[in-house]
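For this chain, numbers begin at 1 and follow the sequence in order. Worth knowing before you read on, the calculation uses all heavy atoms, side chains too, and leaves out hydrogens, waters and symmetry mates. Start at 1 and go down the list; that is how both ligands and their atoms are numbered.
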Amino acid sequence: MLRQLGLFSASSTAVAGAIDGSLWEGSFNGRESSIHQLSPYVGKLKSGMAGALIEKFSCPGDVVLDPFCGSGIVPCEALLRGRHAIGNDLNPYAYLLTKAKLSAPATHSEAVTRALKALDEAATETVSLREIPDWVRAFFHPDTLKEAVALVHVLRRRREHFVLACLLGILHHVRPGFLSYPASHLVPYLRIKKYPPKLYAEMYRYRPVRPRLLAKIGRAYRRFQPPERTLDRVVLHENAMALPLVCNSVDAIISSPPYYGALDYGRDNRLRLWFLGVEDYREVDAKLTSNDRVYIPEMTRAVGEMLRLLRPGKCAVLVLGDYNRNGRKQDSASALIEIVRDNHCSKGSAEKLLVDEIPDDRRARRMTRTTRHETILVIRKH
Ligand SMILES: C[S@@+](CC[C@H](N)C(=O)[O-])C[C@H]1O[C@@H](n2cnc3c(N)ncnc32)[C@H](O)[C@@H]1O
């Protein structure tokens, strides 16, 4: 279901005609660049939607910014469509994923060579299981865990973002190509009741890292042609409320900012974050904008920052979710419209463009108290 709403009048810079939601209908898994499937991320934007919005609100050669880039869908699509790309996210896992995608080796064979070098070096590393917390050990066969931890040490030392993201992408799942005992893919939950070791002994055996990592790298290049080297790409790990970028330097902002208290990006990625050196995921969640208490003041500053960075006449296009909390509907898009009206009306104006129903297969927690609609909001800088 899709509901078209208001629309800014066409201008020299962007929106001429309605945005067509049918552009991103259906699954993109088999048709998008395989780089988008490097590793899962809760709340990921559909690549077809990101692509359509980039095409609509920017031109080739423009600078496109996503200040809350998560898994990097927007900066990646921007580069693949001939734009210069800037991605930013305060979550270390999101930063790694975006960095990995934007700096992927030019060819599959180069990626394999880099992975093999790191694997050889990792074979000489010593890892003590006693230094690893029990909750992490619970996910892996001890020998698999030692190999994975040794490899992560090497990859982090060498700043091999792409290979490290591939490794995190095969960390947990129920499939044989993954490293953990049976577990869910998106958010790390063990599935021991569903797959008891007595009945599914093969799922609890040692899983060598090397063949799984190389197969994963192969899958990453299945439908991926790295973008032109001449396009600039910048990945930042900053608070979206204060970005180290100059005023009036951005042609379009395309982003899905955090929803009104909807997701815990640290908690949901706790196992991957541990491998990135974050001992306690709560430190990450405490820094991110999500809970209702900080949402309005922090998003007020973030919108102010977007209006500072945009060139006059250009737009920030924000995909925002509705959220049901204790039977009360929280509408992030309406909250942002009020923010613009009450705090930034001299600098810009905001309008809803489209309300789109999110199908169950794209939602992290189906049929529960979770986001059911996305609204596309357009903020235009005067
Ligand atoms: C809805 S998600 C973005 C998902 C992304 N569009 C994608 O396709 O993967 C919102 C992101 O905002 C990040 N975030 C939350 N508060 C932030 C802040 N104050 N500064 C920077 N990033 C923040 C979260 O880590 C999360 O990745």
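E238 counts as a contact of ligand 1, since one of its heavy atoms falls under 4.0 Å from the ligand.
Residue-level proximity to ligand 1 for C69 is carried by the backbone, the only part with a heavy atom below 4.0 angstrom.
In this structure, R293 does not pair ionically with E298, as no charged nitrogen and carboxylate oxygen lie closer than 4.0 Å. With respect to the salt-bridge test (charged N to carboxylate O, under 4.0 angstrom), the residues R114 and E110 qualify. Taking a cutoff of 4.0 Å between a charged side-chain nitrogen and a carboxylate oxygen, R83 and D232 do not qualify as a salt bridge. Ion pairing between a basic and an acidic side chain is recognised when a charged N comes within 4.0 Å of a carboxylate O; R301 and E305 show no such pairing. With respect to E121 and R157, a salt bridge is recorded, a charged nitrogen being found less than 4.0 Å from a carboxylate O.
Close approach of ligand 1 to I73 is summarised as follows: ligand atoms under 4.0 Å from at least one heavy atom of the residue are 8 (O). The N239 neighbourhood of ligand 1 comprises atoms 18 (C), 19 (N), 20 (N), with distances under 4.0 Å to a heavy atom of that residue. Close contacts between ligand 1 and G43 involve ligand atoms 1 (C), 4 (C) [criterion: under 4.0 Å to a heavy atom]. Residue contact check: N91 has heavy atoms under 4.0 Å from atoms 25 (O) of ligand 1. Atoms of ligand 1 lying under 4.0 Å from at least one heavy atom of K44, given by number and element, are 7 (C), 8 (O), 9 (O).
Looking only at atom types and distance, the side chain of Y93 has no donor-acceptor partner in the side chain of S71 under 3.5 Å away. With hydrogens and angles left out, the side-chain atoms of K287 and N91 include no donor and acceptor closer than 3.5 Å. Side-chain contact annotation: K352 with S334, donor-acceptor N/O pair under 3.5 Å present.
In summary, the aromatic rings of F162 and Y221 are positioned with their centroids under 6.0 Å apart.
Taking only nitrogen or oxygen atoms, main chain and side chain alike, Y41 reaches within less than 3.5 Å of ligand 1. The shortest N or O to N or O distance between S71 and ligand 1 is under 3.5 Å. Polar contact check, P258 against ligand 1: no nitrogen or oxygen pair lies under 3.5 Å apart. Note: no N/O pair closer than 3.5 Å links K287 and ligand 1 by distance alone. Taking distance alone, with nitrogen or oxygen atoms compared against 3.5 Å, D66 stays at or beyond that limit from ligand 1.
For P244, the side-chain contact (heavy atoms from CB on, under 4.5 Å) test picks out L236, E238, with sequence neighbours left out.
Atom 8 (O) of ligand 1 has as its closest protein heavy atom L45 N, 2.7 Å. For atom 25 (O) of ligand 1, the closest non-hydrogen atom on the protein side is D89 OD1, 2.7 Å. Nearest protein heavy-atom neighbour of atom 20 (N) of ligand 1: A240 N, 2.9 Å. Summary of contacts: the protein heavy atom closest to atom 2 (S) of ligand 1 is Y265 OH, 3.3 Å. Regarding atom 23 (C) of ligand 1, its nearest protein heavy-atom neighbour is F68 CD2, 3.4 Å. For atom 16 (N) of ligand 1, the closest heavy atom belonging to the protein is T289 N, 2.9 Å. If you check which protein heavy atom lies closest to atom 22 (N) of ligand 1, you get L90 N, 3.3 Å.
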Can you give me every donor-acceptor pair (side chain of residues 170-177, partner residue at least two apart or in another chain, under 3.5 Å) with its distance?
residue	atom	partner	partner atom	Å
H172	ND1	S184	O	2.7
H172	ND1	H185	O	3.4
H172	NE2	R272	NH2	3.3

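Counting heavy atoms of neighbouring residues, nucleotides and ligands inside a 6.0 Å radius, atom NZ of K216 exceeds 12 of them.
Of all the listed residues (S256, P75, S47), S256 holds the heavy atom that lies closest to atom 6 (N) of ligand 1.
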